[in-house]
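Let me begin by presenting the structure, written as structure tokens, before commenting on it.
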Amino acid sequence: MSGRFDPSQADRRWQSRWNEEGSFAADSNSNKPKTYVLEMFPYPSGRIHMGHVRNYTMGDVIARFRRMQGHEVLHPMGWDAFGMPAENAAMERKVHPGEWTWANIRTMREQLKQLGFALDWEREFATCDPAYYGHEQALFLDLFEAGLVYRKESEVNWDPVDMTVLANEQVIEGRGWRSGAPVERRKLAQWFLKITDFADDLLDGLADLKDWPEKVRLMQENWIGRSKGLQFRFRLAEAVDGLSDVEVFTTRPDTIFGASFVAVAADHPIARAAANADPGAAEFIAECKAGGTSAAEIETAEKKGYATGIEVVHPLDPEWRLPVYIANFVLMDYGTGAIFGVPGHDQRDFEFAKQYHLPIRRVVAASTAVASEPIGTEAETAPGVAVNSRFLDGLPSDEAASEVIRRAEQAGWGRGTVQYRLRDWGVSRQRYWGTPIPIIHCANCGAVPVPRDQLPVVLPDDVDFETPGNPLDRHPTWKTVECPACGGPATRETDTLDTFVDSSWYFIRFASQPPDRPFDRTEAEKWLPVAQYIGGVEHAILHLLYARFWTRALQRLGRISISEPFRGLFTQGMVTHETYRAGDGSWLSPDEVRKDGDDWVHIESGVPVTPGRVEKMSKSKRNTVDPEPILAKYGADAVRWFMLSDSPPERDLEWSEAGIEGASRFVQRVWRLASDPKTAEGEDEPLKRKLHRTISAVGEAIDGLQFNKAVAQLYELTTAIEKANPSQTRAEAVRTLLLLVAPMAPHLAEECWALLGEQSMIADASWPTFDPELLIDDEVTLAVQVNGKLRDTLVAPRGLARADVEALALASGNVQRQLAGASPRKIIVVPDRLVNIVA
RNA sequence: GCGGACGUGGCGGAACGGUAGACGCUGGGGACUUAAAAUCCUUUUCCCGAUAGGGAGUGCGGGUUCAAAUCCCGCCGUCCGCACCA
């Protein structure tokens, strides 16, 4: 048999076969061990991109591999379908966000199916379906009733033109990313989830996530940002507006005698009190409030303060007075919104003190001997021993800190506390295309939950996007309702939930989807936690933290027994491509340019093009490659194979035409082997060993998600088979090769499997086993070194005695020449590996 | 500023402290062909050498070790995350 493997025929054929047989439907009642493999579900943006292909290919290999190993595998797919792009499309193209979203889902579903993923499509859902978000509303109410949801005024980035709240990352240089209008800081009543209640649990839980990347655990740890310290009160020298003290937090109580000032946030009650009496203070506060809350915004802002004239008394010395400033760098929502400044040992305080000519005192030193050294050009933040600190003098920093906390608690002016960087999760969005928050506002009864029998609260379809702002808010009837409690006139909450809520529990819904409640506990727990979760590192913090929180909240409510949703996590690298720029600096797409010798030219105009850096595929850089035409040209398996070869999965993968060509070549090589398995009588011992070693190595590589290594192993085996003479072993090796290739190139494997005359599908075949005896060779190649440098290699029987090895090595001509008659001082023998002769 | 990762041929990358460069891509040479495609063979870290062989070599400088890409110390560079966090 000859010819070529034709994916345009084979792909479709096997995809329908798997579909007809329900090969990948997950059976909850199966007796097999259960494995839940999940990739982060996609946002239906329009078309599949290479990043999706890479992500889902990796998950698919794991899913298929586990299935072959005899596991019952749950490998579902769905759509994270709410979000802003749909509304933007609605504004730009005058289509309803739902229509746009569902059309995208149809397109992308077809594209995914062309890749032949072993997915259980029966469980597919989209989060924008009331059948999903209705259950989410029920869960929200569960959290509400458990006291994990509250409403609070909070400061937000407000775009006055689009009339919406912007996330920090949507504020660019102080302006709204769409409207370009200067962003205002505004107070708005928002719904919050009490994630901070779980701060310690979420932090402690990280220690058990052994199969998570260290990097992600660290990022979460830093994000939660637990710090221990002292919270204490400064008494005001004179009460102002009924305020008699100011509360501060510090992680360095040991520096308490180094204090030179107190600074409060612009929103702090003391600041407001000062403003009442002093127009200068009021003006300063107004200045602080202008501008966005983004990180970039804050970074560039100059450190400024305003002396209020108010004074406080040092808690450890009634005679000691400190000035109170209003400062633009003090945050109202971290700690207490007030600090005491220790310029000698905090760089920011140091700069502030320089600017406002405040004392800079040394209270920490390397030793008491250098207590009188002045502080130099920057603050000394390292710990040491306390100096110039009265009763603390000579104590190491940590002991001094404990001593201050002890005294504060004893005297009642302060206490040891823990602060977190983590804030409660604000989930209100002033958008249409999201899950409506199931709350009704009544003038008499306040915020009342929507009764359960009225769920889901469904989004109205008749909305317009002609005017900016939230269409739900200006809908003629939707928000007008009766209060469920008193029957009086009331209005619906028109904010919708942050889309991160949708993705905080979808993995539970995949595992169990009863029509009448969010999930069935017993059913869900058959699958959960997810054994292997795969996605981009960009979700290392938010999504993964929110999902962990949501799972813990459900656990606290007694709804589920697990506390961690994802046992194994893998963050894959991006797909990148070279960028090209025309003379005028505009970006050109890969199919607009052509390589001409060593240079690149614009195909249309023939003008030279400057190749730029290799970067993540993005629309703005125009360096994307659409998977669909590639798929049409090379077939699913070549694309899948390329996604797995070369680059380690956690690193970036550079797309290249040559790479996909290489993958395609491999597909054809396997096909040729299966077309003519060249069987004959007799065994081929070396090939057999190679085969068994490969079975072992490939299994190990896939297990460790080292797909590039599995690929390399399979190339080697393929070459070995090609070079082998016909034998029974060779035929067996071809058959086994197909099994090994099956998780990665499933259509090819099926096609070849059938070619070998197999009746059943390879999808249902078992992963091959290996004989451990065959992994060990009878003969080994020993490296022979002189003074650590390789001088010769020699082949010897395994387990050769030390003395014999030494003799063999010394007999080597190269060794003799190196020794030049001298006798070796020492000979080191590593059995079956190496001899090192020290001359 | 804080935290982290990485640095190996022309390129992507392999390498329990033990033969550096597996495997793939690219390039060179060749076979088959009227020719091409496809395929196959061969070669490809650098330097000296016809070969045998020798020298250098894993960002830079030190160290530990019989032996270091790998462990330790100090630099340099690139990338990522966080950031007035008290």
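Every chain is numbered from 1, with letters handed out A, B, ... down the list of sequences. Below, each value reflects all heavy atoms present in this structure, side chains not excepted, and no hydrogens, waters or symmetry copies.
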Determine the Euclidean distance between corresponding C1' atoms of rU58(B) and rG77(B); express it in Å to zero decimal places.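 Pairwise C1' distance, rG77(B) against rU58(B), rounds to 16 Å.
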Determine the Euclidean distance between corresponding C1' atoms of rG13(B) and rG61(B); express it in Å to zero decimal places. 27 Å
Could you check Trp671(A), Tyr715(A), Phe642(A) and say which one makes a ring-ring contact (aromatic ring centres under 6.0 Å, His included) with Phe666(A)?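 Of all the options given, the one that passes is Tyr715(A).
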If the threshold is 4.0 Å, N to carboxylate O, is there a salt bridge linking Arg693(A) and Asp777(A)?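 A salt bridge links Arg693(A) with Asp777(A).
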Spacing between Arg252(A) atom CZ and rC85(B) atom P, to the nearest angstrom: 14 Å
Expressed as a whole number of angstroms, how long is the span from His345(A):NE2 to rA86(B):P?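 His345(A) atom NE2 is separated from rA86(B) atom P by 16 Å.
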With a 6.0 Å cut-off on the ring centroids, do Phe261(A) and Phe352(A) count as close? yes
If you look at every strand shown and take non-hydrogen atoms under 4.0 Å, does [X] touch a base, only sugar-phosphate, or nothing?
| X | result |
| --- | --- |
| Asn836(A) | base |
| Gly225(A) | nothing |
| Arg791(A) | sugar-phosphate |
| Val838(A) | sugar-phosphate |

Any side-chain N or O of Gln818(A) below 4.0 angstrom from OP1/OP2 of rG54(B)? yes
Side-chain N or O of Tyr334(A) less than 4.0 angstrom from OP1 or OP2 on rA86(B)?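 Looking at the OP1 and OP2 atoms of rA86(B), one of them is under 4.0 Å from a side-chain N or O of Tyr334(A).
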For the side chain of [X], starting at C-beta, report the closest nucleotide among [options].
| X | options | result |
| --- | --- | --- |
| Arg672(A) | rC66(B), rC84(B), rU39(B) | rU39(B) |
| Arg651(A) | rG24(B), rG7(B), rG18(B) | rG7(B) |
| Ser647(A) | rG13(B), rA86(B), rC25(B) | rG13(B) |
| Lys723(A) | rC23(B), rC41(B), rG18(B) | rC41(B) |
| Met219(A) | rA14(B), rG12(B), rG81(B) | rG81(B) |

